[in-house]
Enquirer: 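Just passing along the structure, written as structure tokens.
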Amino acid sequence: MQRYVVLGRNDNVLDYREAEEFYRGCSITEITDEEHQIKDYEPYAKEISTMKYAVCYIDLDELESQN
């Protein structure tokens with residue numbers, strides 16, 4: 001499944017270069033001048049509106065019993 005990743009060049013929590021390397025080849029990556037969170041979603045509205053979302057339920061009790 002292709003991922004759309006928006007990374008902030010001015011992020012002071014995550015190094016966008018490491019994230020870009022991690023997602024290289026398996027995502028569409030866009031580098032912005034944002035920080036750690038996107039404050040203006042308007043530039044990404046078209047891309048977001050076309051995304052298909054998958055919901056996943058994780059049973060924590062089941063995970064603990066497997067360990």
Enquirer: Nearest 0.5 Å, please: how far is CD in E21 from CD in E18?
Expert: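 Answer rounded to 0.5 Å: 9.5 Å.
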
Enquirer: D33 and N10: which non-hydrogen atoms are nearest, and at how many Å?
Expert: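 Taking D33 first and N10 second, the nearest heavy atoms are O-ND2, 2.8 Å.
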
Enquirer: Looking only at heavy atoms, what is the nearest atom pair of L7 and Y16, with distance?
Expert: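 For L7 and Y16, the tightest heavy-atom pair comes out as CD1-O, 3.5 Å.
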
Enquirer: Is the CZ atom of R9 crowded by more than 12 outside heavy atoms at less than 6.0 Å?
Expert: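 Atom CZ in R9 is crowded, with more than 12 foreign heavy atoms closer than 6.0 Å.
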
Enquirer: Of all the heavy-atom pairs spanning V13 and D11, show the shortest one and how long it is.
Expert: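 Minimum heavy-atom contact is N-OD1, 2.6 Å.
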
Enquirer: Please determine if R17 and E20 form a salt bridge, counting it only when a charged side-chain N lies under 4.0 Å from a carboxylate O.
Expert: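 Answer for the salt bridge query: no.
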
Enquirer: Any chance you could measure L14, atom CG, to H36, atom NE2, to the nearest 0.5 Å?
Expert: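 The CG atom of L14 sits 5.0 Å away from the NE2 atom of H36.
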
